Amino acid sequence: MTRTVYLNGQFLPEDQAKVSIFDRGYTFADAIYEVTAVIGGKLLDFPGHTARLKRSLEALGIAMPVGEDELLELHHEIVARNGLDQGLVYLQISRGAEDRNFLFSDSLTPTFSMFTQVVPLLANPKAQTGIAVLSVPDGRWANRQIKTVQLLFSSLAKMEAKKQGADDVIFVEDGLITEASSANFHIITKAGVLVTRQLSNALLHGITRGSVLGLAEKVGLAFEERAFSVEEALDADEAFITSAGAFVLPVVSIDGKAIGNGKPGERTLKLREVYIDDQVSRAIGR
Ligand code: PMP
């Protein structure tokens, strides 16, 4: 059976509801959702869901696309159109669609979708038997080595950096730098050693990082893989980030304090040149 779903002001057959692949819900997990139970065609706990929805949207700086009365009416309408007796109404609001960028525009129109699911909520056999659970470490989200699209925190952090006149952030955990919002972070110490954090689940295993380390010797740099603090980075001669989009990019200050002489480092720029030359010379064409 084809359901009737809701998308941006319209009720549509489910196979006609289309969302852009540029939607930030899709590219950055920049979206919130609510799920409301329906019994006998009526909504359970609705005021609570509305209140949380408003809190979530406010926290992300996304405008409520409809007023509270209309939100309730849309829920009634989607339940009625699908003849839903028992089940769930799923609602999702994303920041909207635009070309992919960690920094987002403030002019976006949120993408607002809803659909129903038939679920026998009352006749749940597990209510008689109970459920079995496993205890696992809470890793939400401690697996940064996986290149997931769960990028909301990074995007919001980069927006905050922009607001404060900076270009990016470096994340700090337990006093040690993990990486930048979308790049790996490295320093060249006063002793002339390239120091970069060792690979673990604390950071993405950058492809550029690996290639640059492979070229370090070529520019006369020894390297060490270990974690380091902001203080050590501020005490370094040079710092830089690496990523597929930035290549090797000098970092000249942290929290307004200069690194080295506050200008792009010579060895950093040399690494940039060597990396680009090396990669371009070996670039794969058709
Ligand atoms: N860390 C994070 C969090 C990133 O998003 C990226 C870029 N995608 C990197 C590091 C750098 O990885 P790569 O060199 O493969 O682009």
Side-chain angles (χ1 to χ4, degrees), residues 21-31 95 98-104 139-162 166-188 194-219 221 223-230 233 236 238-252 254 259 264-265 267-284:
I21 62 165
F22 299 108
D23 195 276
R24 287 182 53 89
Y26 187 65
T27 53
F28 285 97
D30 191 357
R95 194 179 303 278
E98 70 177 336
D99 213 21
R100 186 179 181 278
N101 193 329
F102 278 70
L103 297 170
F104 52 83
R140 299 174 295 169
W141 185 242
N143 283 305
R144 302 165 203 146
Q145 82 282 13
I146 306 171
K147 198 163 166 64
T148 79
V149 298
Q150 192 172 286
L151 295 170
L152 180 56
F153 185 79
S154 310
S155 175
L156 294 175
K158 201 161 180 177
M159 285 300 282
E160 181 59 28
K162 184 186 173 194
D167 298 291
D168 203 345
V169 296
I170 49 171
F171 295 128
V172 180
E173 186 171 60
D174 299 331
L176 301 167
I177 297 166
T178 53
E179 57 184 330
S181 73
S182 58
N184 293 115
F185 180 77
H186 325 265
I187 54 173
I188 300 173
L194 193 172
V195 182
T196 191
R197 188 165 175 138
Q198 73 277 16
L199 298 180
S200 71
N201 63 359
L203 70 163
L204 188 74
H205 302 184
I207 303 304
T208 320
R209 171 192 180 280
S211 296
V212 165
L213 291 183
L215 294 167
E217 263 191 5
K218 237 185 161 175
V219 300
L221 279 172
F223 71 85
E224 244 174 60
E225 290 180 273
R226 59 169 176 84
F228 54 91
S229 64
V230 169
E238 304 182 22
F240 60 95
I241 57 169
T242 55
S243 76
F247 301 145
V248 174
L249 201 65
V251 174
V252 294
I254 302 173
I259 297 169
R267 285 159 295 187
T268 296
L269 293 177
K270 185 72 193 159
L271 264 180
R272 178 180 172 88
E273 190 187 308
V274 168
Y275 172 77
I276 293 173
D277 284 353
D278 177 61
Q279 281 300 319
V280 170
S281 75
R282 297 190 293 116
I284 299 169

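Both ligands and their constituent atoms are indexed starting at 1 by order of listing. Every heavy atom of this structure was used, including side-chain atoms; hydrogens, water molecules and symmetry mates were not. What you are looking at is a predicted structure, and each value in this text was computed from that prediction instead of being measured.
Checking side-chain atoms of His186 against main-chain N and O of Arg197 turns up no donor-acceptor pair under 3.5 Å. Side-chain N or O atoms of Arg267 include none that pairs as donor or acceptor with a backbone N or O of Leu194 at under 3.5 Å. A donor-acceptor pair is defined here as one N or O able to donate and one able to accept, closer than 3.5 Å; no such pair exists between the side chain of Arg209 and the backbone of Ala183. Checking side-chain atoms of Asp168 against main-chain N and O of Ala161 turns up no donor-acceptor pair under 3.5 Å.
Taking atom 5 (O) of ligand 1 as the reference point, the nearest protein heavy-atom neighbour is Ser182 CA, 3.3 Å. The single protein non-hydrogen atom nearest to atom 2 (C) of ligand 1 is Glu179 OE1, 3.3 Å, given as residue, atom name and distance. Taking atom 12 (O) of ligand 1 as the reference point, the nearest protein heavy-atom neighbour is Gly206 CA, 3.4 Å.
Contacts of Ala244 with ligand 1, taken as heavy-atom pairs under 4.0 Å, involve both backbone and side chain. Contacts between Leu203 and ligand 1, counted as non-hydrogen atom pairs separated by less than 4.0 Å, are absent for every part of the residue. Only the side chain of Lys147 comes within contact range of ligand 1, with a heavy atom under 4.0 Å; no backbone atom does.
The closest approach between a heavy atom of Ser181 and any atom of ligand 1 is below 4.0 Å.
Interface atoms of ligand 1 facing Leu204, defined by a heavy-atom separation under 4.0 Å, are 1 (N), 2 (C), 4 (C), 6 (C), 8 (N), 9 (C), 10 (C), 12 (O). For ligand 1, the atoms lying closer than 4.0 Å to a non-hydrogen atom of Ser243 are 11 (C), 14 (O), 16 (O). The contact set between ligand 1 and Asn184, taken as ligand atoms under 4.0 Å from a residue heavy atom, comprises 10 (C), 11 (C). The atoms of ligand 1 that sit less than 4.0 Å from any heavy atom of Thr242 are 11 (C).
Cation-pi contact between Arg95 and Phe104: present, with separation from the ring centre below 6.0 Å and deviation from the ring axis of at most 45°.
Residue contacts with ligand 1: Ile207 is placed with a nitrogen or oxygen under 3.5 Å of a nitrogen or oxygen of the ligand (distance criterion only). At a 3.5 angstrom cut-off on N or O pairs, Thr208 counts as close to ligand 1.
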Under the criterion side chain to side chain contact (heavy atoms under 4.5 Å, CB included), I'd like the reasoning laid out for Tyr275 against Thr242: C-alpha separation, chi angles, the key distance, then a yes or no.
CA-CA 10 Å; Tyr275 172 77; Thr242 55; over 6 Å; no
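When the shell of 6.0 Å around CZ of Arg140 is examined, it contains 12 or fewer heavy atoms from other residues, nucleotides or ligands.
Between Phe28 and Phe102, the two ring planes are perpendicular [angle over 60°; tilted spans 30° to 60°].
A salt bridge is absent between Lys270 and Glu238: the closest approach of a Lys/Arg side-chain nitrogen to an acidic carboxylate oxygen does not fall below 4.0 angstrom.
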